Structure formats: structure tokens, C-alpha cells
Asker: 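Mind having a look at this structure? Questions to follow.
As the structure is a prediction and not an experimental result, all values here were calculated from the model.
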There are 2 protein chains.
Amino acid sequence: MGVESQFLAEYDPTAYPSVAVTVDVVVLTIRDGALSVLLVERAEHPYQGRLALPGGFVRDETLDEAARRELAEETGLRPGEDALARVHLEQLRSYGDPGRDPRMRVISVAYLGFAPSLPDPQAGGDAAKAAWFPVETVRDLAFDHGLVLADGLERARAKLEYSPLATAFLGPEFTIAELRAVYAAVWGEQLHAGNFHRKVLSVPGFVESTGETTTRGGERGGPRARLYRTGDAVLLHPALLRPTREEQVR
Amino acid sequence: MGVESQFLAEYDPTAYPSVAVTVDVVVLTIRDGALSVLLVERAEHPYQGRLALPGGFVRDETLDEAARRELAEETGLRPGEDALARVHLEQLRSYGDPGRDPRMRVISVAYLGFAPSLPDPQAGGDAAKAAWFPVETVRDLAFDHGLVLADGLERARAKLEYSPLATAFLGPEFTIAELRAVYAAVWGEQLHAGNFHRKVLSVPGFVESTGETTTRGGERGGPRARLYRTGDAVLLHPALLRPTREEQVR
DNA sequence: ATAATAGTGTCTTTTAGACAATATGCG
DNA sequence: CGCATATTGTCTAAAAGACACTATTAT
């Protein structure tokens, strides 16, 4: 018995109806100080006209490649472009409840992305209207994308605690104040400037100095700030914990 | 244009060849003090005779249900059984590289389980030989299951730090020493008894006293230990961090 | 000049971890 | 009895967090 026919014998199409696999991407960025997510307006049924996460079917490629391809298509960035390469992408989790898509059984592998400031999306080719939306204003997404977004936000908030990925929201050089603004936007909390500053510099490998400073002070005054780039740490130790949330413990 | 036909128009079978979706389960338990994983011997090609994670095709059910069903089938536990209900199961991540299964494109949604001591698996019905193996002895798994297992172990180790899930490896009542043995087995490190004891009791909601003690002391002497059950915390705060691994930070 | 901000200093509280001490109960 | 173990005590170091202070620069 050949491998193929044997497999098909095990694979009873009645018991296992055909399944589609898609990737959906939660790409986050900071725009005007607000944590924002890339959404597209659906052109077709179901959920026509509703906002949804960018995504599409997986082709003959890895899941990671599918996620990056979808991201490129929806942002209108060229695959080789530097800005695209600087987006951090990681798998979030998969969603496969029967009925989550009314058309057929669809398993969606969701990805989470952290992007530096990007140009406004160009509705490149077949892509529907895409735009950045502050996450606080988002509601009534298509499919179960509201749940996916919520899971992505929680992952992002947790990730900033123990990984240096906050720097993925910034350019190659940044000030401690800019880094603090990322944490404030993602966590939705103000952070104490002095303590944050000392803490960041005390974590080995989080950031390294460039030796340079900004060419001018802040908008409303203040000294020039030193510039840093991302260090070589992959884990923050000790971690930068969110302000105590005793309430959320139980 | 109907919803179905419209979908099919978008879904070009050339560009998107048919895909199978499976669940694979990394179930961990503590046996004789060693962290162990449930594996099955493959009866069929490919990888005939090799050990693999238990798993199978997703039917008309949620992914979570599929994982619990596969777990029940491979352990021989009845679906309604109490022991099965006490197994903690959570989604790990998905694996979908083209070529990871030589027969066709297979996307596998992996689950991670924490089980209390279970009876030896009964090769229930069509299930292949299943048994528990100490994770340290495992090698050469079928497919990419070695990678899946490694990811599951890392998740389990991290999870013990900030969640009370270590108690899922134990019965409903346990001593602090038993809990410490779980941490030692999963992390592969000895922990200081005195400091561990005080730390566990200091974390709000981690464990609560039953007021009872064991009926006799340890095998080789010592006083009777107090018994505890799992508390109502879902997050440990402050967390129980692994002994410093400065080395692994970069 | 005024106000805002970068960066540093100081102090208190919490937590981690090393180590010791005491009491209990098995063989 | 002798030893292993449960539990508690003590002390030190690391880290978190509150708050104050100085220097710098935009307006």
C-alpha cells in the first residue's frame, strides 16, 4: 500500500471535512502616542464593510512567510524594503472554532507584529482599504478578530515586561524618553521618568549608548537627550514589571 | 453571487493546495521524580516504529476539544473521567512548514498539558502503544515533534514561574515538599527547602491550608507535613523565578 | 524669565537568597 | 539513637518605588 493511498484511507472525508488555513496579523505601532493596529475594511461578504485584521490564505510557504507576505501586501511595503524587515513578527496563537467563519471551516494562525512608524498604508493592488486605528477606539471587528486583537494586546503588554521588544516600535536610535513613551502607550499607564530611566540603564544589554545626543531639546524645553540603540539582550533580567495589578491576580 | 461560490472563486486550488489540520499534544507528568511525556509508537509510515506525540485530525469540534479527545484516546481514560478533567490543557503553538509531513501539507496545532499521576496508558482500541518517557531520555521523535516537545518544555518551565499550574501535576491535596519536587523536576534544579517553603506561602492565593497534615512523616523520617490545596490565584505575584540564568540572557 | 525635561541622588520597602536553628518522627 | 525532614528565624544583598534635586534648553 503506497503512502498516499494509505493516508487517504485513514483520511475519511466525511469525518474530516475540508479545512482552510489562513494567517491573520495583529500589527501594532505607536502613532501620535497611541497604540494603534492595522485594520482593513472588508470588501466582500461576510462582514462586508466591517473592519478586520489583515490576513489571507496560506500558500506553499511557511506560516511565518505567509504572515510577512500578508503584512507586506496590506501595508503596500515592498518585500525587500527596510521598513518591513524591521517589523518584529511572532506567532500569537491559532483560532479554529467551527462556525467562526460562516463559509467553511477555517483555522487561522494569528501573528503579532511590532512595527516602527510606517507610512500610511497604500491600498496596494487588490488590498482593501487599510489604515491604522488607535486600539482604544476599535470595536465590532469581523469574525472573532476582536478576540484575536485582545489576545495580541495582552501578549504585547506581557512581552514588554521581559523582552527588549519595545525598541521594535522605534527607529534604530532613540532616547530613553521615547522608549518610556512606548511603554506608556502599550501599558496605558504613565511611568515615573526618573525611575524608568535608571531601571532601563541598569538592565544588562537592554540598550547601549551611541555616544550621541539629539540635536535639540524637547518641544517644550529641556536638555538634549542621549541616544541609544538596542542592545544584545534577548531577555530583560531583572524584568520591567507593570505597575502592580494586585487586583488582576485572581 | 452566492457566498459559497464567491468563496470558491477566491480560493484557487492551484495556489492553495488542500491542507490537513491536526492537533498534537505534549502532556507532561511527574513519574518517579522525573518530568515525563506521553509518547506513542507509530504503527504506520512515515516514521513507522518511531516515537511521536499523540495527535490526530481535527473533526467537527473546537481545537481544545480535539486536543482533549486525543488525550483521552491515547491515555485510555474515559471522556467523563475525573483524572482526565484534572489535566490542564492549553494551546502551545502551531507548526506548518511545508514538508514537515511528507504526505501532504499538514498544519499541526500543538497543545501543552500538565497531568497529575495517571495510570499507565491502555492501548485503547485503535491507539498505538503509548507510554510515559522521562523527557531527558527522549530523542529522534517523528516529524518535527522534537521541536514541538522542546517548545512545550520551555513553555512549561516559564509557566511555573508566574502561574500556579505546578499544582496541576499533583493531587487535590499536597505538601509544600511535593510542590517543591514538581518545580525541581520541571526546572531540573534543586531548590532550597526553607526559602521555597516561605516563598510559596508568601504568594497570595497560591496555596491554601486544609488544616490537615499527612498521617505519617517522610520515608526516612521527619515531622508530618501540612497539607494544602490550590488557591484562587491565577497569577503568582511576586513570581517564583528560576535560579538566575544570566548566561541565557543574550 | 519661566517652564519643561534629562538625568542623578537618596531613602524606604519589598523580595531573594544564604544560612542557621528547632522540632518531629522514621528506621 | 541517629538522621532526614518540616518549618521558622535571622541576616544580607538586590531590586522597586517614592521623592527630591540639578542642569539644560525651548519659548
Asker: Under a 3.5 Å distance rule, please check whether B:R31 uses its side chain to pair with a backbone N or O of B:L118 as donor and acceptor.
Answerer: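 Yes, B:R31 side chain to B:L118 backbone: donor-acceptor pair under 3.5 Å.
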
Asker: Mind calculating the distance between CG (B:L236) and C1' (C:dT15) to the nearest angstrom?
Answerer: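 Checked: the CG to C1' distance equals 15 Å.
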
Asker: May I have the step-by-step check of side-chain contact (heavy atoms from CB on, under 4.5 Å) for A:D144 and A:D97, ending in yes or no?
Answerer: CA-CA 9 Å; A:D144 53 3; A:D97 280 5; 5.8 Å; no

Asker: Mind calculating the distance between CZ (B:F196) and P (C:dC19) to the nearest angstrom?
Answerer: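 B:F196 atom CZ is separated from C:dC19 atom P by 20 Å.
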
Asker: Any idea which of C:dC19, D:dT27, D:dA6 is nearest the A:R216 side chain?
Answerer: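 From the listed options, D:dT27 comes nearest.
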
Asker: Applying a 4.0 Å non-hydrogen cut-off, can you work out what A:G217 is touching in the nucleic acid: base, sugar-phosphate, or nothing?
Answerer: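 Answer is sugar-phosphate: A:G217 comes under 4.0 Å of backbone atoms only.
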
Asker: Take atom NE2 of B:H197 and atom C1' of C:dA23, then tell me their distance rounded to the nearest Å.
Answerer: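 Whole-Å distance recorded here is 13 Å.
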
Asker: Would you mind telling me which of C:dA6, D:dA16, C:dA16 lies closest to the side-chain atoms of A:P238?
Answerer: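 The closest nucleotide is D:dA16.
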
Asker: Hey, can you pull the residues of residues 163-188 of chain A with a non-hydrogen atom under 4.0 angstrom from DNA chain D?
Answerer: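 Going residue by residue through residues 163-188 of chain A, none turns out to have a heavy atom under 4.0 Å of DNA chain D.
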
Asker: What integer distance in Å separates A:E219:CD from C:dA6:P?
Answerer: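 Distance, rounded to whole Å: 12 Å.
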
Asker: Under 4.0 Å between any heavy atoms, over every strand shown, what does B:G222 touch: base, sugar-phosphate, or nothing? Just pick one.
Answerer: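 Base contact.
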
Asker: Could you tell me the separation between the CG atom of B:L201 and the P atom of D:dG9, rounded to a whole number of Å?
Answerer: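 Whole-Å distance recorded here is 12 Å.
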
Asker: From the options B:L141, B:L149, B:L147, select the one residue that forms a side chain to side chain contact (heavy atoms under 4.5 Å, CB included) with B:H145.
Answerer: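 Checked B:L141, B:L149, B:L147 against B:H145; only one passes side chain to side chain contact (heavy atoms under 4.5 Å, CB included): B:L141.
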
Asker: A:T215 or A:H192: which one's nearest nucleotide on DNA chain D is closer to the 5' end?
Answerer: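 Looking at DNA chain D, the more 5' nearest nucleotide goes with A:H192.
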
Asker: Specify the separation, in whole Å, of atom NZ of A:K199 and atom C1' of C:dT8.
Answerer: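 Interatomic distance, NZ of A:K199 to C1' of C:dT8: 17 Å.
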
Asker: Using only atom types and a distance under 3.5 Å, with no angle test, would you say the side chain of A:E161 pairs donor to acceptor with the backbone of A:R242?
Answerer: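 The answer is yes, because a donor-acceptor pair under 3.5 Å joins these two groups.
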
Asker: Could you check whether B:Y95 and B:D151, counting side-chain N and O atoms only, form a donor-acceptor pair closer than 3.5 Å?
Answerer: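 Yes, B:Y95 and B:D151 have a side-chain donor paired with an acceptor closer than 3.5 Å.
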
Asker: How would you label the contact of B:R198 with the nucleic acid (heavy atoms, under 4.0 Å): base, sugar-phosphate, or nothing?
Answerer: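 Answer is base: heavy atoms of B:R198 come under 4.0 Å of a base.
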
Asker: For B:L241 and B:R220, take the nucleotide of DNA chain C holding the closest heavy atom to each; which residue's nucleotide lies nearer the 5' end?
Answerer: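 Per heavy-atom nearest nucleotide, the more 5' residue is B:L241.
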
Asker: Tell me if a side-chain donor or acceptor on B:T175 pairs with a main-chain N or O of B:E178 at a distance below 3.5 Å.
Answerer: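 Present.
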
Asker: Side chain of A:S163, backbone of A:L235: donor and acceptor closer than 3.5 Å?
Answerer: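 A pair under 3.5 Å: no.
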
Asker: Taking 4.0 Å as the cut-off, does a side-chain nitrogen or oxygen of B:R224 come that near to OP1 or OP2 on C:dG25?
Answerer: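 Affirmative; the distance criterion is met.
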
Asker: Between D:dC19, D:dT5, C:dA18, which one does the side chain of B:P223 approach most closely?
Answerer: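 Of the candidates, D:dT5 comes closest.
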
Asker: Does B:L179 reach the side chain of B:F206, with side-chain heavy atoms less than 4.5 Å apart?
Answerer: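 Yes - at least one pair of side-chain heavy atoms lies under 4.5 Å apart.
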
Asker: Taking the nucleotide of DNA chain D with the nearest heavy atom to each, does B:A225 or B:N195 sit closer to the 5' end?
Answerer: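 Between the two, 5'-proximity favours B:A225.
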
Asker: In whole angstrom, what separates B:E161's CD from C:dA16's C1'?
Answerer: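 Result: 14 Å.
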
Asker: What is the distance, to the nearest angstrom, from the CD atom on A:Q190 to the C1' atom on D:dG17?
Answerer: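 To the nearest whole Å, that distance equals 16 Å.
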
Asker: Out of C:dT8, D:dT8, D:dA16, which nucleotide sits closest to the side chain of A:R226?
Answerer: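 The answer is C:dT8.
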
